[in-house]
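Reviewing the structure listed below.
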There are 2 protein chains.
Amino acid sequence: MRIVKEHEERRNEILNSAQTLFVTKGYTKTTINDILQAVGIAKGTFYHYFKSKEEVLDAIIERIIQADVAKAQHIASDATLSAMEKLFAILLAQAPQQGDHKEQLIEHLHQPDNAEMHQKSLVQAIIHLSPILTEVIEQGIEENIFQTNYPQETVEFLLVSAQVIFDEGFFQWQPEEMLQRATAFVQLIERALGAKEGSFQKMLTILLK
Amino acid sequence: MRIVKEHEERRNEILNSAQTLFVTKGYTKTTINDILQAVGIAKGTFYHYFKSKEEVLDAIIERIIQADVAKAQHIASDATLSAMEKLFAILLAQAPQQGDHKEQLIEHLHQPDNAEMHQKSLVQAIIHLSPILTEVIEQGIEENIFQTNYPQETVEFLLVSAQVIFDEGFFQWQPEEMLQRATAFVQLIERALGAKEGSFQKMLTILLK
DNA sequence: CTGATATGACCGACTGTCGGTCTATATTTA
DNA sequence: TAAATATAGACCGACAGTCGGTCATATCAG
């Protein structure tokens with residue numbers, strides 16, 4: 001049967017189905033035919049929209065990161081907030097990844113053996129999120145609550161650590177191991193940014209979702 | 001033509017050729033036939049030694065990590081060294097990855113888009129190296145040169161950061177960007193471990209290889 | 001209003017590649 | 001010489017990607 005749709009609508013259908021499959025089965029194990037079946041289209045249609053399977057992955061990652069970046073940008077540009085408030089708000093906005101096409105993700109754990117997706121997410125997150133966070137840190141330095149000569153690089157290190165350590169796809173921690181790492185991470189942030197000891201304690205609540 | 005070799009010798013030939021190919025072309029883009037051609041053997045011979053392409057990758061990673069772990073273990077168990085000396089020595093031993101089957105790697109850059117290899121290396125390095133380093137840190141705490149309640153977790157964070165940020169496969173930094181990150185990383189180590197400011201300055205020399 | 005034409009969404013058979021299997025044969029060892 | 005081990009390459013199924021073409025719709029000429 002033949003059903004005609006608008007370009008963007010069809011494209012999003014493909015992205016949505018592919019995202020669900022990539023997350024649940026893993027990118028490599030998901031076949032083009034899986035996607036075709038899920039969307040209910042033919043091969044040709046798929047390749048009318050994307051020129052490869054990897055291009056779909058890139059589009060999905062971009063869509064996810066784009067949403068996070070938008071939130072972060074919005075918070076960072078609020079002139080009424082202190083650096084610390086911004087930092088908390090941005091980190092809080094990342095953690096629970098809800099939203100239109102993300103509801104699905106919460107249910108399923110990140111798939112181990114999904115290296116491509118993990119790596120691409122990581123790299124894109126660093127590239128797009130770190131400039132925004134760096135500005136917030138610089139604001140915090142002016143406010144005299146942070147102290148470091150390397151705001152940009154510190155942000156990168158912290159983002160990488162958090163993404164890898166807390167991503168279920170890399171390590172499968174027990175609950176108490178997770179708690180331990182979250183606590184340690186809070187201390188690491190404080191020390192790395194040169195913040196007052198205990199000033200990030202509130203973040204524990206956020207991390208323990 | 002038919003050439004018979006000892007089990008270990010043939011196996012190592014396969015690992016060596018595969019490693020070169022994985023590093024230069026990337027794991028996914030390297031085909032079994034590429035390996036067969038490089039070694040000069042037939043399909044059946046390959047599968048006599050390994051039951052899958054991924055098993056070859058795992059064996060390669062294990063071989064690399066194993067060498068690093070052995071070095072680290074040897075240093076860590078030297079009772080005449082201070083914690084700081086051990087730390088330097090271990091990190092120094094990692095950086096320039098020379099040796100029998102590693103000479104090749106130095107020449108070629110790490111391939112971007114080699115997610116499987118990067119991820120597996122990272123995870124294995126953390127798993128096998130962090131216990132050894134943790135003991136060294138604990139020694140340093142007893143020596144009163146480090147101060148942290150989370151030696152294990154701190155080591156994990158630092159290892160992850162270093163592996164990802166300094167791995168050419170993830171980001172391609174310019175020389176001055178690399179220097180900047182190395183300097184920032186030195187400060188991060190000091191702060192994370194609660195060491196005296198400047199005590200890790202010597203490490204810069206090591207990192208700048 | 002109506003037929004011609006252009007656009008692009010849609011289809012699925014087909015192709016080439018690749019990881020992996022299977023069977024045959026040669027060599028070594030006991 | 002029998003069993004175990006090593007080597008060979010033909011073969012297979014699954015999969016990503018291609019290709020030639022159909023069909024719906026919008027626009028425009030008469």
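Letters A, B, ... mirror the listed sequences (proteins, then strands); counts begin at 1.
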*ring-ring contact (aromatic ring centres under 6.0 Å, His included) involving B:Phe171 - partner list, sequence neighbours excluded*: B:Trp173
*asked:* Holding to salt bridge (charged side-chain N to carboxylate O under 4.0 Å, His left out), I want the full list of residues that pass it with A:Glu13, two or more places apart in sequence or in another chain.
replied: A:Lys5, A:Arg10
_Output the rounded distance in Å from CG (A:Asp34) to P (D:dA14)._
13 Å
*Taking CD from B:Glu13 and C1' from D:dT7, how many angstroms apart are they, rounded to a whole number?*
13 Å
*Is B:Lys53 close enough and on-axis enough to B:Tyr27, meaning under 6.0 Å and within 45°, for cation-pi?*
yes
*Once you round it to whole Å, what is the distance between C1' of D:dA24 and CZ of A:Arg10?*
13 Å
_Holding to side-chain hydrogen bond (donor to acceptor under 3.5 Å, both in side chains), I want the full list of residues that pass it with B:Asn149, two or more places apart in sequence or in another chain._
none
I'd like a table of atom pairs between the protein and nucleotides 16-20 of chain D - only N or O on both sides, under 3.5 Å - with the distance next to each one.
unit_1	atom_1	unit_2	atom_2	d
D:dA16	OP1	A:Lys53	NZ	3.2
D:dA16	OP2	A:Ile32	N	2.9
D:dG17	OP2	A:Tyr47	OH	3.2
D:dG17	OP2	A:Lys53	N	2.9
D:dG17	N7	A:Lys43	NZ	3.1
D:dG17	O6	A:Lys43	NZ	2.7

_Closest to the A:Ala42 side chain, choosing from C:dG12, C:dC10, D:dA8_ = C:dG12
*When you check the phosphate oxygens OP1 and OP2 of D:dA8, does a side-chain N or O of B:Thr45 lie under 4.0 Å from one of them?*
yes
*Can you tell me the distance, in whole Å, between the NE2 atom of A:His48 and the P atom of C:dT7?*
14 Å
*Between D:dA24 atom P and A:His7 atom NE2, what is the distance in whole Å?*
20 Å
*Taking only residues at least two apart or on different chains, which pairs with a member in residues 60-94 of chain B satisfy ring pair (Phe, Tyr, Trp, His ring centres under 6.0 Å)?*
B:Phe88-B:Phe200
_Distance in angstrom units between A:Phe50 CZ and C:dC10 P, rounded_ = 12 Å
*Could you check how far CZ of B:Arg11 sits from P of D:dT5, rounded to whole Å?*
16 Å
Please tabulate, for the side chains in residues 38-52 of chain A, all donor-acceptor contacts under 3.5 angstrom to protein atoms that are two or more places apart in sequence or on a different chain.
unit_1	atom_1	unit_2	atom_2	d
A:Lys51	NZ	A:Glu55	OE1	3.2
A:Ser52	OG	A:Glu54	N	3.4
A:Ser52	OG	A:Glu55	N	3.1

*In whole angstrom, give the distance that lies between atom CD1 of B:Ile41 and atom P of D:dA6.*
13 Å
